[in-house]
Asker: 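Here you go, one structure.
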Amino acid sequence: MNKPTFYVTTPIYYVNDIPHIGHAYTTVASDVICRYKRLSGYDVFFLTGTDEHGQKIEQAAEKQNITPKQLADRVVERFKSLWIKLNISYDKFIRTTDEYHKKCVQHIFSKMLENGDVYIDEYEGWYCTPCETYWTETQLLDGNCCPSCRRETNRLKEPSYFFKMSKYQDKLLEHIEKNPDFIKPASRRNEIISFIKEGLRDLSVSRVSFKWGIPVPENKKHVIYVWIDALTNYISALGYPNEDDLFGKFWPANYHIVGKDILRFHTVYWPTMLMSIGLPLPKSVFAHGWWTVEGQKMSKSLGNAIDPNWLVDKFGVDQIRYFLLREVPFGLDGDFSFKALIHRINGDLSNDLGNLLNRTLGMVGRYFDGVVPPYTVNDESDDKIADQIISTFHEIDSHLNELSFNKALGSIWELVGALNRYIDFSAPWNLAKDPSKRDRLGSVLYTVLDGIRVLSLMIYPFMPETAVEIRKQINTKRDIYKSTFDDLCKVRVLESGQKIGEVKQLFPRVDEAAFNLEITKHEVNTKQEEQIEYEYFSKMSIRAGKIISAEKVEKSEKLLKLKVDLGDWTRQIIAGVGKSYTPDELVGKTVAVVANLKPAKLMGQVSEGMILAATVGEGHKIVELPDTVAPGSVIK
Ligand code: MSP
């Protein structure tokens, strides 16, 4: 039998942005629903990617003296590596500079032109380049500032193609009214309905003032508006205009998951485009809220972004995934605080879940020599646990289908609490004192272990690494990726007789006071670090050099006089590494040299460059290169 399908998308992120937890939030949430659907038997397609065209990328590349594509190639890894770090299980990563995508966008544009939904005229309005959005006079803030990012907008007047969005106003309203799930949550739906009722205007869908975009096939002076380009990714990634294969299987999408700031593009522009080319609309667009820091939206321009890489390194990937989805109802705004994060880690994760596993495995070790006992003696309290397990599965299913991640986690943690209370109530430590109750003791521990097995399935979408670790510790080989939801819900199916795995703490407690101290230092460090333009950096010539001789500089404890072969000529470099290296140790090493530093005199000796070294305590460690790197090789 064919599995049911499920298609989820994140927005495609502006490739030039530095990913922050706002981006991580959308992507982790999408990952959770995808992992959950796979677990309960669906054939899932999960799409993410990068948005790479537009004026702001063109301008950024120009500043760095490279092409926009070179810039995009250079920075796209920032997203890809973050998704690896966050365990994002996407099926496809689309880049809008991919050839198939460009062809698809042009195909759609031509189709709309052919059917008369696109016409040429002249556009005049206020344009925000960073947001790639036109605003009307009345939407502007403080004179001519963008209502979204608050930066200055520019007045633009240019020939432009227009899309007859107004033509689809009534049809769109009707669709939204007939399909309550099309826009979620309901508050956002009402907002969009009022917006449409104010009257849709035709949309300017091409630009002539810059080049970095997909050309209009019929008129190459124009590039296609970035939002038309970007939105099309949801179907180009499936191979459209080829309607067989992935497109036939997965379109219409089950969920476009987006932040509230880009809801209008997804629920007005996108559906009207789809109507124009005669394709079905996505089933649901869900707008989540914003993460703020001290009440302000997080963004590069405001300088308050929290780096998710740093957070994961500091606290652990599952801790961050859990926190993002537990702390704030999906759909509402949330304010980021370390206090709340640490509270969740130490409370929910370490005390409640971590301790449940630890105490149970401890007792299996103590009373059964680490071997999982069989279930033989029933008690009413075991059946209550079994009932709660089944009802929790059903609650999770309905919460996750509504993307109520925090409610699903709430239900799971009620089960964690119930299992902890079940242990207290059954008091295995008392049963252990009476040899006639040994079978019941085994059944109690089995019930908890089977409950923990179930918990590992329930938390898997949120915390995949922890789920796998728990399963290693209870040593089950069963049931990850069941074929149906009903299979998922089975209880008392844990194997018995196997030895438990190595017992490890799941979530180390975080020392809040020590962390607060560290964060103050971290803030100070990052604030002091002045940022430089790429241009500055690119002026620096760093090259490989081979040290051919070394001697101490007279009367100096730390200066060494080196002769370094840089491929062209041999330099004299005075290096302050004499406390960490003897001259002999350095001869023959290939090192990194700043080659175009202006010569300077140190203790009367000319120095024609600098050797790169890390400061380690009071001393240094030089940056060494393998001796296969030829002297003079450029380092960038
Ligand atoms: N490139 C467009 C999307 C095109 S989709 C066809 C874009 N990119 S973005 O990188 O600026 O934003 C991507 C997503 O991150 C959006 O859903 C946005 O709402 C989300 N977030 C950006 N900052 C955010 C927070 N501070 N908090 C939560 N999410 C936010 O828009």
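Remember, it's a predicted structure, so these values are computed and weren't measured experimentally. Atoms within each ligand, like the ligands themselves, are counted from 1 in listed order. For this chain, numbers begin at 1 and follow the sequence in order.
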Asker: Does any N/O atom on D51 come nearer than 3.5 Å to any N/O atom on ligand 1?
Answerer: yes

Asker: Using a strict cut-off of 4.0 Å, indicate which atoms of ligand 1 neighbour a heavy atom of P11.
Answerer: 3 (C), 5 (S), 14 (C), 16 (C), 17 (O)

Asker: Any idea which of W227, Y234, W291, Y14 brings a heavy atom closest to atom 11 (O) of ligand 1?
Answerer: Y14

Asker: Taking atom types as modelled, is there a side-chain donor on T153 or N144 under 3.5 Å from an acceptor on the other?
Answerer: no

Asker: Check this for me: does any side-chain nitrogen of one of D333 and K260 sit under 4.0 Å from a carboxylate oxygen of the other?
Answerer: yes

Asker: I want to check something: taking the side chain as every heavy atom from C-beta on, are W135 and C128 in contact at a cut-off of under 4.5 Å?
Answerer: yes

Asker: Could an N or O of ligand 1 be found under 3.5 Å from any N or O of K260, whether backbone or side chain?
Answerer: no

Asker: Which of the listed options, H20, H53, H288, holds the heavy atom that is closest to atom 23 (N) of ligand 1?
Answerer: H20

Asker: Need the ligand 1 atom indices (1-based, order shown) with element for anything under 4.0 Å from a heavy-atom of A230.
Answerer: 6 (C)

Asker: Under a 3.5 Å cutoff, is there a donor and acceptor pairing between the side chains of S166 and D202?
Answerer: yes

Asker: Identify, by atom number and element, the atoms of ligand 1 in contact range of G289, meaning under 4.0 Å from any of its heavy atoms.
Answerer: 28 (C)

Asker: Would V258 count as being in polar contact with ligand 1, using the rule that some N or O on each side must be under 3.5 angstrom apart?
Answerer: no

Asker: Using a 4.0 Å heavy-atom cut-off, which part of D17 comes near ligand 1: side chain, backbone, both, or neither?
Answerer: side chain

Asker: Considering the heavy atoms of H23, write down every atom of ligand 1 situated less than 4.0 Å from one of them.
Answerer: 10 (O), 15 (O)

Asker: When only distance counts, is I262 in polar contact with ligand 1, meaning an N/O pair under 3.5 Å?
Answerer: no

Asker: Please indicate whether E152 has more than 12 foreign heavy atoms, meaning atoms of other residues, nucleotides or ligands, lying under 6.0 Å from its CD.
Answerer: no

Asker: Strictly by modelled atom types, are N16 and Y14 linked by a side-chain donor-acceptor pair under 3.5 Å?
Answerer: no

Asker: With distance as the sole test, does D229 use its side chain to make a donor-acceptor pair with the main-chain N or O of I224 at under 3.5 Å?
Answerer: no

Asker: Over all heavy atoms of both residues, which pair between E327 and A340 is shortest? Give the atoms and the distance, please.
Answerer: OE2-CB, 3.5 Å

